[in-house]
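When a ligand or atom number is given, it counts from 1 through the structure's own listing order.
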Amino acid sequence: MSCGSFRYLFGPVASRRFGRSLGVDLLGQRVCSFDCVFCEAGPTQTCTLERAVYVPTDVVLAELRAWLGSGGQADVITLAGRGEPTLHRSFGVVIDAVHDMCSIPVVLLSNGSLFHIAEVRRAAAKADIVKVSLSVWDDASLSDVNRPAVGLRFADYLSGMITFRDAYKGELRLEVMFIAGVNTGDASVEKLAACAAKIGADTVELNTVVRPPSEEGAGAVTDDLLLHYAGYFGPNAVVIGRSSPQAIECDGRKDVAILSDQVMGLLARRGCTRAEIAEGLGCSYARLDVALRDLLTRKRIRESDVREDYFCLC
Ligand code: SF4
């Protein structure tokens, strides 16, 4: 079952790294501690370090219960959404509740900016897989790339993730995002790799901009350059490629209206490629194309001018 009718659940979507992922949005809007130049969700509306209950925890848990109760299946349940999930004061409660409800592993996708707070580290350690990010090496690069909320210092950002790694027994992944001409060049990458080494993640994922970014000038680096930079990050570095999910034949009972509604629910959280939508909703390209045409004609969605086969809400 997919989540067109839920408010805080989205997908399952095809994740390039985790398989079929049911997303849980704990912010409800664009709230983040960063306003990254490469963010695919667009500019951050509320850039803050303030932790709060941004969406009602009991409603999120009720939706998860309903989704599982209706036979929902996914490879992972991911705390993600359009901002920083650790800003939600009860994200650890949500992780505990998922573990009580089912055996699906919980992934926490975080920028790591609040890991200098002990309570955040304790809650994050409940997740089965944690992915944090680091694409900078000092306060100046942090300000150029991630444009953090006022008050966040690079030293705290980095030391928080190092302290977390020391205690965390689960799988820790670190994502490094390269933006052409912003955090590239061998001298910069060497400094960045030295900071990443201090964290000691199980895997370092080297990535670049593949979806339309928040800032138009935030461009991708080539695969060859990513491979070259991988040499700085040691044997645990992997270069992340574009997804090539297999479309799965959809349930024949879905009619176009239902499928269109599900596509809307998916795109309400973030833009997706045609392949990601097909994989996430488990439908064939032929069937999906009918729904996409329907939504394009009704101007409910639009195709990106920048990237072929990439769709967002109008
Ligand atoms: S990329 Fe992630 S951390 Fe950066 S602004 Fe977007 S949601 Fe926040």
Side-chain angles (χ1 to χ4, degrees), residues 8 10-11 13 15-18 21 23-52 54-55 78-88 91 107-117 120 124 127 129-137 139 141-154 156-158 160-161 164 173-180 182-183 192 195-196 199 201 205-221 240 267-272 306-307 310 312:
Y8 301 117
F10 56 101
V13 298
S15 158
R16 283 183 291 165
R17 282 146 278 183
F18 301 110
S21 164
V24 182
D25 177 6
L26 293 180
L27 286 316
Q29 49 183 318
R30 281 288 290 122
V31 181
C32 194
S33 49
F34 285 170
D35 182 20
C36 302
V37 293
F38 55 81
C39 185
E40 65 191 50
T44 298
Q45 286 160 350
T46 306
C47 193
T48 182
L49 298 176
E50 188 183 342
R51 303 192 63 223
Y54 287 96
V55 300
T78 304
L79 305 193
R82 296 177 296 158
E84 172 50 40
T86 65
L87 282 170
H88 193 294
F91 80 93
V107 175
L108 172 65
L109 295 187
S110 169
N111 61 26
S113 61
L114 300 179
F115 278 42
H116 58 283
I117 301 169
V120 170
I129 300 173
V130 174
K131 197 185 88 174
V132 290
S133 62
L134 180 76
S135 306
V136 297
W137 53 92
D139 282 310
S141 53
L142 179 65
S143 156
D144 288 343
V145 174
N146 302 116
R147 303 185 296 196
V150 174
L152 183 71
R153 296 182 319 132
F154 175 76
D156 293 334
Y157 172 38
L158 180 60
M161 291 188 281
F164 177 71
R173 302 187 188 191
L174 177 69
E175 180 174 67
V176 182
M177 182 68 84
F178 288 104
I179 306 110
V182 177
N183 62 347
L192 172 47
C195 294
I199 297 173
E205 301 177 348
L206 307 185
N207 207 344
T208 190
V209 183
V210 293
R211 298 193 175 98
S214 179
E215 293 294 326
E216 274 185 23
V221 302
I240 300 296
L267 297 184
R269 302 301 173 192
R270 69 170 177 86
C272 291
V306 184
R307 184 173 169 195
Y310 184 86
C312 315

Participant: How long is the straight-line distance from OG of S133 back to CG of N146, given to the nearest 0.5 Å?
Facilitator: 6.5 Å
Participant: May I ask you to check whether Y54 and Y8 place their ring centers less than 6.0 Å from one another?
Facilitator: no
Participant: Output all residues satisfying side-chain contact (heavy atoms from CB on, under 4.5 Å) with S143, sequence neighbours left out; order by chain, then residue number.
Facilitator: none
Participant: Should I117 and T86 count as side-chain neighbours, where that means a heavy-atom distance under 4.5 Å?
Facilitator: no
Participant: Taking side-chain contact (heavy atoms from CB on, under 4.5 Å) as the definition, give me every residue that meets it alongside A201, ordered by chain and number, with sequence neighbours left out.
Facilitator: L172, L174
Participant: Who pairs with D156 by salt bridge (charged side-chain N to carboxylate O under 4.0 Å, His left out), at least two apart in sequence or on another chain?
Facilitator: R153
Participant: Residue by residue, ordered by chain and number, which ones reach under 4.0 Å of ligand 1 with a heavy atom?
Facilitator: R30, C32, F34, D35, C36, F38, C39, T44, G83, N111
